[in-house]
Student: 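Here it is: the structure, laid out below.
Everything numeric in this text was worked out from a predicted model, so none of it was measured.
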Amino acid sequence: LPVEGAVAGLEHWSKAGYEVRLLTGRPPTTEVATRHWLETHGVPHASLTFVDKYGRAGGWTEDTPTLTLSDIATMEFCLAVEDSLEVAAFIAENLDIDVALVDHPWNRATEHLPSHVRDRLIRCHSWPEIIERFPQPYWRCSATRIKV
């Protein structure tokens, strides 16, 4: 099942005119299953992109295009929602946007990050909190895309 509040949050942004773009670190071999799951659960999104977030693409020789983190750095988003500290820090640093960092035990050690990156990581404990903090994320940048 989807994380509680996630579908409602994405619907909120979609209805407000934001382009919700899902980027996943799952292998491209899961594309059919992933698209089926998203459809079954009514997860609103404008696109689904597979990203080799951790340099594991060696075995990913599928027909599905896979982006790298460097590719993401060339894209425009006005907000990102992420649970990987490594990826969240990369996005905050390279795209200069806020990242709603979904709180988990594995992403709490941020003291090693530069302060300008830590300032962009907005720790959130739930999807309702993400939407409360970012009801209209567009004011933070010129793009209207949200990376989830």
Student: Closest approach of Asp98 and Phe134, non-hydrogen atoms and distance?
Tutor: OD2-CE2, 4.0 Å
Student: Which pair of heavy atoms, one from Thr66 and one from Asp71, lies closest together, and at what distance?
Tutor: O-OD2, 4.4 Å
Student: Are any of the side-chain heavy atoms of Leu85 and Leu113 separated by less than 4.5 Å?
Tutor: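 They are in contact (side-chain heavy atoms under 4.5 Å apart), so the answer is yes.
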Student: State, yes or no, whether a side-chain contact exists between Arg26 and Phe50 at a heavy-atom distance under 4.5 Å.
Tutor: yes
Student: Please find the pair of heavy atoms, one from Asn94 and one from Ala73, that lie closest to each other, and give the distance.
Tutor: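 That would be CB-CB, 4.0 Å.
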Student: Would you say that Val7 contacts Pro44 through its side chain, given a criterion of any heavy-atom pair below 4.5 Å between the two side chains?
Tutor: yes
Student: Is the closest side-chain heavy-atom distance between Trp13 and Ile130 below 4.5 Å?
Tutor: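 With C-beta onward as the side chain, the pair touches.
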Student: So which atom in Gly5 and which in Pro128 form the shortest heavy-atom distance, rounded to 0.1 Å?
Tutor: CA-CD, 4.3 Å
Student: Could you tell me the separation between the CD1 atom of Ile131 and the CG atom of Leu10, rounded to the nearest 0.5 Å?
Tutor: 7.0 Å
Student: Heavy atoms, side chains only, cut-off 4.5 Å: are Cys78 and Tyr18 in contact?
Tutor: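 In contact.
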Student: For the pair His104 and Trp106, name the ring-plane relationship: parallel under 30°, tilted 30 to 60°, perpendicular over 60°.
Tutor: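 Taking Trp106 first and then His104, their aromatic rings lie parallel (interplane angle under 30°).
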Student: Can you name the closest pair of heavy atoms from Pro135 and His12 and give their distance?
Tutor: O-NE2, 3.0 Å
Student: Taking all non-hydrogen atoms of both residues into account, name the closest pair between Val43 and His45 and its distance.
Tutor: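 Heavy atoms only, the tightest pair is O-ND1, 2.8 Å.
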Student: Taking the side chain as every heavy atom from C-beta outward, state whether Val99 and Arg120 have any atom pair closer than 4.5 Å.
Tutor: no
Student: Look at Glu39 together with Arg35 and state whether they make a salt bridge at an N to O cut-off of under 4.0 Å.
Tutor: no
Student: Given side chains that start at C-beta, do those of Ser84 and Lys53 come closer than 4.5 Å, heavy atoms only?
Tutor: no
Student: Please enumerate all residues that pass salt bridge (charged side-chain N to carboxylate O under 4.0 Å, His left out) together with Glu86, with sequence neighbours excluded.
Tutor: none
